[in-house]
There are 2 protein chains.
Amino acid sequence: MATRIVEPEAGPRSKRAAILAAAVDCFGETGFEATKWSTVAERVGIGQTALYHYFESKTHCLLTIMRLELQRSHDKFTEAAPDTAEPVEALRAAVRAAYDVSDHEVLQMRILQNHMDLLSGPRKSKREEAERVAARQLVQLVERDWTNLLVRGMSQGAFPLRDAQLLGASVLGLIVSVWRWYRPSGPTPLSEVSELIEGACVRMVAT
Amino acid sequence: MATRIVEPEAGPRSKRAAILAAAVDCFGETGFEATKWSTVAERVGIGQTALYHYFESKTHCLLTIMRLELQRSHDKFTEAAPDTAEPVEALRAAVRAAYDVSDHEVLQMRILQNHMDLLSGPRKSKREEAERVAARQLVQLVERDWTNLLVRGMSQGAFPLRDAQLLGASVLGLIVSVWRWYRPSGPTPLSEVSELIEGACVRMVAT
DNA sequence: GATCAACCTGAGCCAAGTTCAATTCAGTTA
DNA sequence: TAACTGAATTGAACTTGGCTCAGGTTGATC
């Protein structure tokens, strides 16, 4: 059931990676709707129709970006907060990991957050729908990552008992809400954000 | 400076309110991009071009909905958590007020959250830009509502001292993150959400 | 140097938002 | 009641941007 999409293996001439990178820049800075698909082509240095060799549509590209970012987030969580770690420390590590990202990854998070609603409705075309379903599964995985962490903490007595589902969603919501306003060029360094949110999460969950 | 937009006074035949209501339904359930502007017209019972008598563009209508929702949120906060109240109780009241909403207002919050990014870049047309600027101002007002509450609590010794700006944004982020996933028809009643978040906010801020 | 698949392009199609000149309607004035 | 006014509405045409299609180029492999 958990069908992780097979990444098309890159032929030596393939511009797929370049397109994804350019699209992340454009979508992240200008916004998805506001950026013309042809602009992405320009930036890569190909004609606009060449894009369709790699992606079925502009939206298909967006969904791919979102899925890749979700995969990254999930992997990073798993690595940072193994099931064996002590709950409070695992929680802290997971939050820190969530903010240990490059500028490019910040853009990806922003894109992901700004278009979560795309994942609710079904898509018409095959490949888009495949990406959407994969992304949805990953969203659930990430949510489960956090709730599991809470459930573990609660059953071990490290956290007071509460609705882990709801609290997990809230913690996650708190963490990702940052990507709406955070700008690498802004006045607040990400390290500061990370520390404040880390503390806030611990208080929220472990008090 | 604070140029509250003058609401066009409704002629007796005006369909402005009906259009806004229909648009909230459509945009909230189907999504802004996914709903055809002409569908809104149909639902109101007018031709699509008649819409342009009331709104300069589909986006202008969206921005108007967002601004109205922001005004509502700000007003409700002010009413629920007056500057005179005891900080912890004011915080609790403000959170409860944030979730004391009708189904229609849930849709408006969802629309607002899903299109916050529209407020960052400038718009080309006059009226759209006016709505955008007004909305931005209201966002800042609402953020100030929350930070002021925190600052007051901190200076009165009810809350430990922390970066009120950042913490305010986080509290707000936590609260509104709910509108991404909450559905009135879903399994979790809003009252339950409200209680959990209320507790979480107090722990986050007052611990 | 023939072959094949990956890769790319110019020309044009189409859907949806938008513009515009012309028309209807409801209330007001004479 | 006839003329007038501005709000409200419309059908038809225009614009933009994503997308399709029918073919052309490139380069690795044999």
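Proteins come first, then strands; the chains are lettered A, B, ... in the order of their sequence lines, and each starts at number 1.
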If I take atom [atom1] in residue [X] and atom [atom2] in nucleotide [N], what distance separates them, rounded to the nearest angstrom?
{"X": "A:Lys36", "N": "D:dG17", "atom1": "NZ", "atom2": "P", "answer": "4 Å"}
{"X": "B:Arg16", "N": "D:dT9", "atom1": "CZ", "atom2": "P", "answer": "14 Å"}
{"X": "A:Lys58", "N": "C:dA16", "atom1": "NZ", "atom2": "C1'", "answer": "14 Å"}
{"X": "A:His60", "N": "D:dG18", "atom1": "NE2", "atom2": "C1'", "answer": "16 Å"}
{"X": "B:Glu33", "N": "C:dA16", "atom1": "CD", "atom2": "P", "answer": "13 Å"}

Is the closest side-chain donor-acceptor distance between [X] and [Y] under 3.5 Å?
{"X": "A:Ser125", "Y": "A:Glu56", "answer": "yes"}
{"X": "A:Thr147", "Y": "A:Gln165", "answer": "no"}
{"X": "A:Thr59", "Y": "A:Glu128", "answer": "no"}

ask   = side-chain contact (heavy atoms from CB on, under 4.5 Å) with A:Cys61: which of A:Phe55, A:Tyr54, A:Phe32?
value =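 With A:Cys61 as partner, side-chain contact (heavy atoms from CB on, under 4.5 Å) holds for just one option, A:Phe55.
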
inquiry  = Closer than 3.5 angstrom, by distance alone: can the side chain of A:Arg162 be matched with the main-chain N or O of A:Val205 as a donor-acceptor pair?
reply    =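 Pair found, side chain donor or acceptor close to backbone of A:Val205.
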
task = Report yes or no: does A:Arg136 contribute a side-chain atom to a donor-acceptor pair with the main-chain N or O of A:Leu119 at less than 3.5 Å?
result =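 Indeed, once roles are kept as given, a pair shorter than 3.5 Å links the two residues.
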
inquiry  = Checking side-chain hydrogen bond (donor to acceptor under 3.5 Å, both in side chains) between A:Glu69 and each of A:Gln71, A:Arg67, A:Arg72, which is the one that passes?
reply    =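 Looking at A:Gln71, A:Arg67, A:Arg72, the match for A:Glu69 under the side-chain hydrogen bond (donor to acceptor under 3.5 Å, both in side chains) is A:Arg72.
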
request  = Please list, by residue number, the residues of residues 111-130 of chain A whose heavy atoms come closer than 4.0 Å to an atom of DNA chain C; answer none if no residue qualifies.
outcome  =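 Going residue by residue through residues 111-130 of chain A, none turns out to have a heavy atom under 4.0 Å of DNA chain C.
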
DNA chain C contacts among residues 48-56 of chain A, heavy-atom distance under 4.0 Å =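 Within this stretch, A:Thr49, A:Ala50, A:His53, A:Tyr54 sit under 4.0 Å of the strand.
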
inquiry  = Categorize B:Thr39 for me: base, sugar-phosphate, or nothing, with a 4.0 angstrom heavy-atom threshold over every strand shown.
reply    =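 Nothing, no nucleic acid heavy atom in range.
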
query = Is it true that A:Arg110 and B:Asp117 make a salt bridge, defined as a side-chain N closer than 4.0 Å to a carboxylate O?
reply =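 The answer is no: the pair does not qualify as a salt bridge.
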
task = May I ask you to verify if any side-chain N or O of B:Lys15 is less than 4.0 angstrom from the OP1 or OP2 atom of D:dA7?
result =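 Checking D:dA7 against B:Lys15, no side-chain N or O comes under 4.0 Å of OP1 or OP2.
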
